[in-house]
Amino acid sequence: MMLHERLDPALLLVWAQAARHKNLHAAAQALFMTQPAVSQRLRQLQDVVGEPLYQRNPQGITPTSTGMALLRISEQIESALESARVLCQDRKDLLRGSLSILASHSNAESLLPQVIARFRQRYPGVFLRLVATNSRAAREMRDQADLVFVEDHPALSIGSEWKEEILVKSTIILLAPETPHWLQLAPKPVPLQSLEAEVLVWREEGSGIREQALQALKAAGVHPEIRYELSGLAAIRAAVRCGLGVSFVSALSDGGLRPGLVTLKTVPRIPHHLSVLYRKESSHSTRAFLDVLRQSLGKSNKESG
């Protein structure tokens, strides 16, 4: 097959309909054209190709081997145009879209602010709503959101319509007041067994950090008294700074950089994972946010601590 002049892709799209229908009248109806117009375009295509694309029969037409080869190429063009159409529609939907996010406090404070800022810069027309809670509540209320950020290993079934993706692998560390005692201990990891006599300030029930720390303490033979329960990292920092006791926080937080506070690693190490839940059939806005999120994380899980 020799092409003597530039080939118009529109002619191939007409041929795709004719070859599939094997009837010029049916192709004309599918294309919202007249049959003479379809015949004219097919003659133009045959002139460019230099050989017949089809043979006539009582029912319509039968594509030649060359015609079948061009049909495969024509379908590739149709597929590319459909991909471009979907992309353009996605962009339009994003401009009018909305996104609801549920996030644990650690995710809301350490992971999401930068991602949300980048997303808002790229997609300013998307209305975004973020509600911070604990991991258990976020999982239980997942049907009310598009994206759910948690900080614990799966404790509840998320259902077949949801997917879970680990984003960051980190550790849980000890948060203590900046006193001579704790400053002296800070260079080395603190054995969990040594916390038996300490007053511990706990996050509220349902917190991923609380659940992981409690499991680690019990495995070390420590059974702490639950005396203080506070909601949110800011309240925990304030309580520790005031001398109510020590607490556990994510290594991703900047607790040790704040005045009056110091952070210490523990032995054994307490793992801490930040994860995201999203529906398998997600909206355009959800997929766009996940793309920005993965780009912000370098498309791989980070490790800290």
Side-chain angles (χ1 to χ4, degrees), residues 1-100 118-128 146-147 160-163 165 276 278-296 299-300:
M1 179 175 65
M2 296 181 60
L3 301 183
H4 303 295
E5 58 185 90
R6 184 175 179 179
L7 180 59
D8 184 355
L11 299 179
L12 291 173
L13 297 178
V14 173
W15 169 241
Q17 292 291 339
R20 281 197 294 265
H21 285 89
K22 297 183 179 180
N23 185 285
L24 299 189
H25 178 69
Q29 288 184 321
L31 292 165
F32 299 100
M33 298 172 61
T34 64
Q35 183 171 334
V38 169
S39 298
Q40 180 185 11
R41 282 162 176 75
L42 294 183
R43 283 195 298 270
Q44 292 174 350
L45 181 59
Q46 287 190 139
D47 290 342
V48 174
V49 174
E51 55 185 277
L53 301 178
Y54 59 89
Q55 296 176 346
R56 294 187 178 274
N57 60 52
Q59 289 75 37
I61 62 172
T62 301
T64 63
S65 58
T66 298
M68 291 302 298
L70 274 183
L71 172 61
R72 290 189 289 271
I73 296 172
S74 302
E75 289 176 336
Q76 291 175 10
I77 294 174
E78 287 179 327
S79 177
L81 288 173
E82 176 62 16
S83 297
R85 185 196 68 78
V86 170
L87 177 62
C88 292
Q89 187 61 45
D90 282 354
R91 296 289 297 184
K92 291 179 181 178
D93 289 343
L94 283 170
L95 293 176
R96 300 189 299 268
S98 63
L99 195 62
S100 177
R118 291 181 178 178
F119 181 80
R120 292 285 296 170
Q121 184 178 19
R122 189 174 301 180
Y123 306 107
V126 177
F127 175 78
L128 192 148
D146 299 300
L147 290 163
S160 59
E161 73 274 18
W162 289 85
K163 295 183 68 175
E165 179 180 336
V276 61
Y278 56 91
R279 292 179 179 83
K280 293 178 180 178
E281 298 296 329
S282 298
S283 66
H284 303 310
S285 298
T286 299
R287 294 199 300 270
F289 191 92
L290 287 170
D291 287 342
V292 174
L293 172 67
R294 292 170 183 138
Q295 291 168 12
S296 299
K299 297 183 180 179
S300 65

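Arg120 places a side-chain N or O within donor-acceptor distance of the main-chain N or O of Val126, the cut-off being under 3.5 Å. Formation of a donor-acceptor pair under 3.5 Å by the Thr64 side chain with backbone atoms of Pro52 is found in this model. Here the side chain of Arg287 pairs a donor or acceptor atom with the backbone of Ser282 at under 3.5 angstrom.
Here the OG1 atom belonging to Thr62 is positioned 10.5 Å from the CE atom belonging to Met68, to the nearest 0.5 angstrom. Leu13 contributes atom CG, which lies 8.5 Å from atom CG of Leu31 (distance to the nearest 0.5 angstrom). How far CG of Leu11 is from CG of Leu53: 10.0 Å, rounded to the nearest 0.5 Å. Residue Leu45 holds its CG atom at 9.5 Å from CG of Asp8, rounded to the nearest 0.5 Å. The distance from the OG atom of Ser285 to the CZ atom of Phe119 is 5.5 Å, given to the nearest 0.5 Å. If you take CE on Met33 and CZ on Arg41, they are separated by 3.5 Å, rounding to the nearest 0.5 Å.
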Quick one: side chains of residues 16-24, donor-acceptor pairs under 3.5 Å with protein atoms, not counting sequence neighbours, listed by atom name and distance.
from, atom 1, to, atom 2, distance (Å)
Arg20, NH1, Glu75, OE2, 3.4
Arg20, NH1, Glu78, OE1, 2.9
Arg20, NH2, Glu78, OE1, 3.3
Arg20, NH2, Glu78, OE2, 2.8
His21, ND1, Gln17, O, 2.8
Asn23, OD1, His25, N, 2.9
Asn23, OD1, Ala26, N, 2.9
Asn23, ND2, Gln59, O, 3.0

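Shown here for Glu165 and Tyr278, the closest heavy-atom pair between the two residues is OE1-OH, 3.3 Å. When every heavy atom of Trp15 is checked against every heavy atom of Leu71, the shortest pair comes out as NE1-N, 3.6 Å. When all heavy atoms are compared, the tightest approach of Pro9 to Ile77 is CB-CD1, 4.5 Å. Listed here is the closest heavy atom pair of Glu51 and Thr66: OE1-OG1, 2.6 Å. Contact record, Val292 with Arg122: CG2-NH1, 3.7 Å, taken as the closest heavy-atom pair.
Side-chain contact between Asp146 and Phe289: absent, with no pair of heavy atoms (C-beta onward) separated by less than 4.5 Å. Looking only at side-chain heavy atoms (C-beta outward), Leu99 and Tyr123 stay at 4.5 Å or farther from each other. The shortest distance between side-chain heavy atoms of Gln40 and Pro36 does not fall below 4.5 Å.
Side chain to side chain, Arg279 and Thr286 fail the donor-acceptor criterion of an N or O pair below 3.5 Å.
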